[in-house]
Amino acid sequence: MQAITITITRPEEMNRELSLQVNLAVHLNQPYRHIVPACRSVDPGLAACTNLTSSLGASKVAVSPLDLRYIASREDYWNALQSEYQPSCIVYPASAQDVSLALQAIRAFGSRFAVKAGGHNTNNFFSSVDSGVLIDIGSMNAKSYDPSTTLATYEPGSTYGELYDYYAQFDRTILGPTLAGVGTGAGLGGGLGYLSPQYGMACDDFRELEVVLPSGEVVDASAESYPDLFFGLRGGGGNAYGIVTRYTVQSRPATQFAAGNVIYLFEQTDAVASAIRDFMQYNPDPKASIVATYMKLPTPGLGLNLDEAILLFLVYDGLDPGDVFGNFTSIPYLLNTMAIRTYPEVINMPIPFLTQLTRGDNTFRVGVHRVNDDSYQTTIHQWRDWAETHKSSYELLSFNFEPVPRSLTDASNSQNGGNAIQMPDGPWFWISYILETLPGLPQAEYEAIQASFRDMVEASGNADGLPLFISDASADQNPLSTFSTFARLQEIKNTYDPDNFFAEKTGGWSFT
Ligand SMILES: Cc1cc2nc3c(=O)[nH]c(=O)nc-3n(C[C@H](O)[C@H](O)[C@H](O)COP(=O)(O)OP(=O)(O)OC[C@H]3O[C@@H](n4cnc5c(N)ncnc54)[C@H](O)[C@@H]3O)c2cc1C
């Protein structure tokens, strides 16, 4: 194919002329990469935005930072630091075709870009962009349920909380994370939730994905069609192989749950940690699920540990958990809110403290450990020592046990040949560490505290042969390289992004 060369001498004409040429190329079904702008002085982000305003229409593109849609999208990051970046425009696609047009324009103008779903990933430029095009897929939020197949189909713009609410009317749910505000990007990173011990990770339930490839082509990926792409997207992360514009997943029954929070004072640290370890190792009932959060505030403990608390989430799929949580409820606690709840109520269980975790200067790190050594104890103590000696540097700290029982890895590996994480046999566990730094820290101080926090997490030592959870990882932890499937994922990346368009123009996990 001949390259279309445009020679324009006046930069102010550049955007308009190039837009016309790009629109012509789309009309003639020519790939954009053959359009070679002869003038490079123009801002690529602005040029792509001008083009997209004309091709998609102003109703789908917010260019002004004062536009209310622009403000809402830019504000809506769980790590408030991501809101500091200023996209050249924000695109609100309504269909896979709109996403395809956006990608093609971004490619043609050499702009940077980012794809944003729920905005909960805390890493720089994973779903944020400075001077480039932000594709906010939040307005693609259609959803449906087919009772004859029990399959759920949804677009990527809803939060998981909205999806759980919607599927509850059918007494069903879909697998996903444990908090309502998290977006559908979580499933692409695996997706660990309360039903995972029974059914596996959220991505194990994927059946078909509509994907806009980096080339702009729209394909349906499943076990039969584009199986390598389907494999990569099941736990291998978002914004690497394409943009998912529709999910079809196996739904699961969900009616009534015995669930609640149990809160302890920190003096029970060791007793609760032992109970968690025993639960991870010996719990025989996959309907029982726990998440354990240790929290630390920067306020003084006054010798009474008033700055610390342990918050357990205990969830049983059914009305009668029997004695399955007995090891936890036999430890003296402050509060126990166990009750019968629907699944949306489980997800929205009252969570003291956690509201403070929204929209702070939040970052994540992850560790992975085996159950049959003492790392379940030593990691907490290392974290707690660090918390004591860095009181002036954080707003809130949390340390979260995320158990991966054998039933989970069996369920995961029994579907579609396992996911991109290829989870080794459980039990083992991830720890997610969340650091919320004080707002407005000077850059040097911010970097120093992040480096110290990183060193503390690294010092706790990860177990060899176990994968890091990408959804909880910091970008510098390079989690994909811990997957046994890394070489295969690199191949898939090369197949679908052969000219490194995504690799160079948007943030995301490293494939090197
Ligand atoms: C408070 C909190 C609680 C959490 N709880 C859980 C939990 O219980 N279980 C769990 O597994 N994880 C959990 N996570 C981690 C969560 O899975 C990740 O942060 C995930 O990346 C968030 O997805 P998102 O859509 O909200 O974020 P975004 O930042 O919008 O997206 C995350 C990444 O995926 C990409 N992406 C999103 N959608 C698409 C798409 N359609 N196509 C291609 N790429 C896409 C984005 O570009 C970005 O790189 C939690 C995170 C937070 C902050």
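Both backbone and side-chain heavy atoms feed into the values below; hydrogens, waters and symmetry mates do not. In each ligand, atom 1 is the first atom listed, and ligand 1 is the first ligand listed.
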Is it the side chain (CB and beyond), the backbone, both or neither of [X] that lies under 4.0 Å from ligand 1, heavy atoms counted?
X: V291; result: neither
X: W78; result: side chain
X: L188; result: side chain

Can you find a heavy atom in the side chain of [X] that is under 4.5 Å from one in the side chain of [Y]?
X: L314; Y: V262; answer: yes
X: K143; Y: T153; answer: no
X: F325; Y: L312; answer: no

Exercise for the section: From the options W509, F126, Y77, select the one whose nearest heavy atom is closest to atom 48 (C) of ligand 1. Expected result: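 It is F126 that holds the nearest heavy atom.
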For ligand 1 and [X], I'd like to know whether there is a polar contact (N/O to N/O, distance under 3.5 Å).
X: V244; result: yes
X: N121; result: yes
X: P156; result: no

Exercise for the section: Indicate the ring-plane relationship of Y85 and F125, choosing parallel, tilted or perpendicular according to the 30° and 60° boundaries. Expected result: tilted
Please confirm whether [X] comes under 4.0 Å of ligand 1, counting heavy atoms of the residue only.
X: G181; answer: no
X: G191; answer: yes
X: G190; answer: no
X: F364; answer: yes

Problem - Lys/Arg N to Asp/Glu carboxylate O, D98 vs K60, below 4.0 Å - result: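 Result for this pair is yes, salt bridge flagged.
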Practice task
For the pair R454 and D476, find out whether any cationic side-chain nitrogen is under 4.0 Å from an anionic carboxylate oxygen.
Solution key: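 A salt bridge is absent here (no side-chain N lies under 4.0 Å from a carboxylate O).
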Handout entry: Step-by-step side-chain contact (heavy atoms from CB on, under 4.5 Å) determination, F257 to L195
Key = CA-CA 11 Å; F257 293 75; L195 301 181; 3.8 Å; yes
